[in-house]
Student: 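Before anything else, here's the structure in question.
All values below were derived from every heavy atom in this structure, side-chain atoms included, with hydrogens, water molecules and symmetry-related copies excluded. Remember, it's 1-based here, ligands and their atoms both numbered in the order they're listed.
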Amino acid sequence: MIVLGIETTCDETAAAVVERFEDGRGKILSNVVLSQVREHAAFGGVVPEIAARAHVEALDGIIAKAMAQANCSYDAIDGIAAAGGPGLIGGVIVGLTTAKAIALVKNKPLIAVNHLEAHALTARLTDNTPFPYCLFLASGGHTQIVAVRGVGDYVRLGTTQDDAIGEAFDKTAKLLGLGYPGGPEVEREAMRGNPTRFELPRPMHGRKEPDFSLSGLKTALRLEAEKIAPVSDQDVADLCAGFQQAIVDVVFDRLRAGLRLFRTRFGTPTALVAAGGVAANQSIRRALNRLAFEVGTTLIAPPLDLCTDNGAMIAWAGCERLVLGLTDSLNVAPRARWPLDEIAAAEGARRRTAAYK
Ligand code: KG4
Ligand code: ZN
């Protein structure tokens with residue numbers, strides 16, 4: 001089975017072709033990502049209107065490139081998948097409408113993939129990870145701990161009450177005059193900083209529910225920076241190191257609570273899976289590895305280019321759904337908001353309706 005996948009929910013215009021074999025293994029035939037980072041850098045964050053226009057301009061060419069690199073014709077494709085949300089609605093409309101047009105013209109099934117589901121299933125493309133596993137999804141827009149029990153069967157165990165972790169990295173970078181996206185910049189600065197110079201809080205530490213809250217940390221960092229303004233290069237490095245260490249401690253503690261809850265409700269997970277752009281952070285990866293070892297499971301973290309937004313994860317999620325016959329009509333609507341566990345609810349309702357019929 002071969003599926004074309006399209007991703008346009010944020011600031012990456014991406015398309016990929018992925019093959020799924022009968023034994024459930026996957027292979028990436030092509031994976032083309034065009035980052036819009038330069039378009040948004042001057043604004044210190046993604047500007048939705050600029051993103052949507054850039055997707056319109058780039059997408060056709062990116063799809064053609066992905067098809068060419070996969071050495072694939074549309075005859076060989078079994079389905080067209082696109083991220084149907086959640087995300088910036090302008091971009092989602094561009095990607096999903098393009099997928100609908102191709103599906104209509106080439107007479108192929110359409111799969112509207114939830115972007116979060118695609119992050120969640122990437123570990124099955126890269127490592128063939130069996131269900132159920134515990135997912136830690138941390139990106140610029142999301143911070144969630146999820147029990148992944150099957151395709152379309154997700155239970156959210158914890159989430160953030162305010163900022164996403166990636167967002168906290170981005171805001172910290174902006175505050176300290178570093179570039180965008182902030183994660184890699186803060187990580188680089190932190191390497192030459194002293195993580196113990198500033199005393200920063202570890203919000204939610206020790207709580208039983210595996211939720212996050214990061215706005216207090218952000219405020220504490222801002223107050224420390226204001227106290228010593230104007231900040232020197234060394235101050236910036238120390239603030240970054242302190243911030244990153246606080247995040248590492250928070251992630252460790254909250255994930256430990258998440259894994260505990262997972263065990264109570266669903267038994268032993270096959271793995272702890274990390275996904276989303278924040279999973280690219282080496283200190284966070286090391287902490288997750290330590291935690292996985294401590295609780296007797298293994299950490300699976302996809303390669304960096306599959307952690308951040310890409311088309312291969314959409315194509316793969318498309319394969320996983322298509323093989324189960326889960327396709328969408330051409331009427332399916334793009335969605336700005338689309339919680340992961342709502343997929344499960346919707347499918348439960350569909351099954352119930354089918355049984356009733
Ligand atoms: O998953 P992603 O590419 O896009 C979405 O938000 O969906 O994640 C991007 C986020 C940004 O907030 C970025 O600052 C963060 O991931 N990020 C990092 C690192 N690399 C990217 N955060 C911390 N450390 C990094 N090395
Ligand atoms: Zn993402």
Side-chain angles (χ1 to χ4, degrees), residues 5-14 16 31 33-37 40-41 43-48 51 55 82-88 91-92 95 113-123 135-144 146 160 163-176 178-191 193 212 214 217-218 240-241 243-248 250-251 273-288 301-314 316-317 336-340:
I6 297 170
E7 159 61 37
T8 54
T9 62
C10 192
D11 61 344
E12 263 94 26
T13 313
N31 190 21
V33 181
L34 177 73
S35 171
Q36 302 176 3
V37 159
H40 302 289
F43 305 96
V46 180
V47 184
H55 287 308
L88 301 174
V92 180
V113 169
N114 180 302
H115 177 93
L116 304 176
E117 173 175 46
H119 275 302
L121 296 176
T122 300
L135 171 75
F136 174 48
L137 173 62
S139 69
H142 305 279
T143 300
Q144 303 190 355
V146 179
T160 178
D163 291 351
I165 297 183
E167 189 182 359
F169 270 95
D170 293 336
K171 286 179 175 171
T172 295
K174 199 170 180 179
L175 173 80
L176 298 175
L178 303 172
Y180 171 84
E185 300 274 329
V186 172
E187 181 172 22
R188 202 180 49 236
E189 287 294 322
M191 275 184 225
F212 295 78
L214 297 165
L217 173 58
K218 185 183 63 186
C240 285
F243 169 81
Q244 184 173 275
Q245 188 57 50
I247 294 280
V248 163
V250 164
V251 165
V273 170
V278 175
N281 185 290
Q282 295 301 327
S283 301
I284 293 177
R285 279 190 180 222
R286 275 196 298 276
L288 294 175
L304 298 192
D305 59 334
L306 295 178
C307 277
T308 50
D309 291 349
N310 64 87
M313 68 178 192
I314 306 295
W316 173 252
R337 280 183 46 76
W338 188 2
L340 246 193

Student: Tell me, please, which residues at least two apart from R188 pass salt bridge (charged side-chain N to carboxylate O under 4.0 Å, His left out).
Tutor: E185
Student: Among protein heavy atoms, which sits nearest to atom 24 (N) of ligand 1, and what does the distance come to when rounded to 0.1 Å?
Tutor: N281 ND2, 3.0 Å
Student: Ligand 1 and P181, any nitrogen or oxygen pair closer than 3.5 angstrom?
Tutor: no
Student: Below the 2.8 Å mark, what number of protein N, O or S atoms do you get around the Zn ion (ligand 2)?
Tutor: 3
Student: Quick one: pull up CZ in F136 and CD1 in I284 and give me the separation to the nearest 0.5 Å.
Tutor: 6.5 Å
Student: Could you measure the distance from the NE2 atom of H55 to the CD atom of Q36? Nearest 0.5 Å is fine.
Tutor: 4.5 Å
Student: Return the closest protein heavy atom for atom 7 (O) of ligand 1 as residue, atom name and distance.
Tutor: D309 OD2, 3.1 Å
Student: Out of G166, C10, G277, who is nearest to atom 19 (C) of ligand 1 when you count heavy atoms only?
Tutor: G277
Student: Does any N or O of ligand 1 fall below 3.5 Å from an N or O anywhere on G276, backbone included?
Tutor: no
Student: Please examine the side chains of L116 and H142, heavy atoms only from C-beta on, and report whether any two atoms are closer than 4.5 Å.
Tutor: yes
Student: With heavy atoms of G140 as the reference, note each atom of ligand 1 found under 4.0 Å away.
Tutor: 5 (C), 6 (O), 8 (O), 9 (C), 10 (C), 12 (O)
Student: Contact between Y180 and V46 at the side-chain level, heavy atoms closer than 4.5 Å - yes or no?
Tutor: yes
Student: Could you tell me the residue and atom name of the protein heavy atom closest to atom 18 (C) of ligand 1, and the distance to it rounded to 0.1 Å?
Tutor: G183 CA, 3.4 Å
Student: Under a heavy-atom criterion of less than 4.0 Å, does G141 contact ligand 1?
Tutor: yes
Student: Side chains of I247 and L217, heavy atoms from C-beta outward: is any pair under 4.5 Å?
Tutor: yes
Student: Should the pair F243 and F169 be assigned to parallel (<30°), tilted (30 to 60°) or perpendicular (>60°) ring geometry?
Tutor: perpendicular
Student: Please confirm whether E187 comes within less than 3.5 Å of ligand 1 when only nitrogen or oxygen atoms on both sides are compared.
Tutor: yes
Student: Keeping the roles fixed (side chain from R285, backbone from A279), state whether a donor-acceptor pair exists under 3.5 Å.
Tutor: yes
Student: Say whether, by atom type as modelled, one donor and one acceptor occur between the side chain of N114 and the main chain of W338 under 3.5 angstrom.
Tutor: yes
Student: Any side-chain heavy atom of L214 sitting closer than 4.5 Å to one from E167?
Tutor: no
Student: Once you restrict to heavy atoms under 4.0 Å, what part of D170 touches ligand 1? Side chain, backbone, both or neither.
Tutor: side chain
Student: Got L340 and E117 here, is their nearest side-chain heavy-atom distance under 4.5 Å?
Tutor: yes
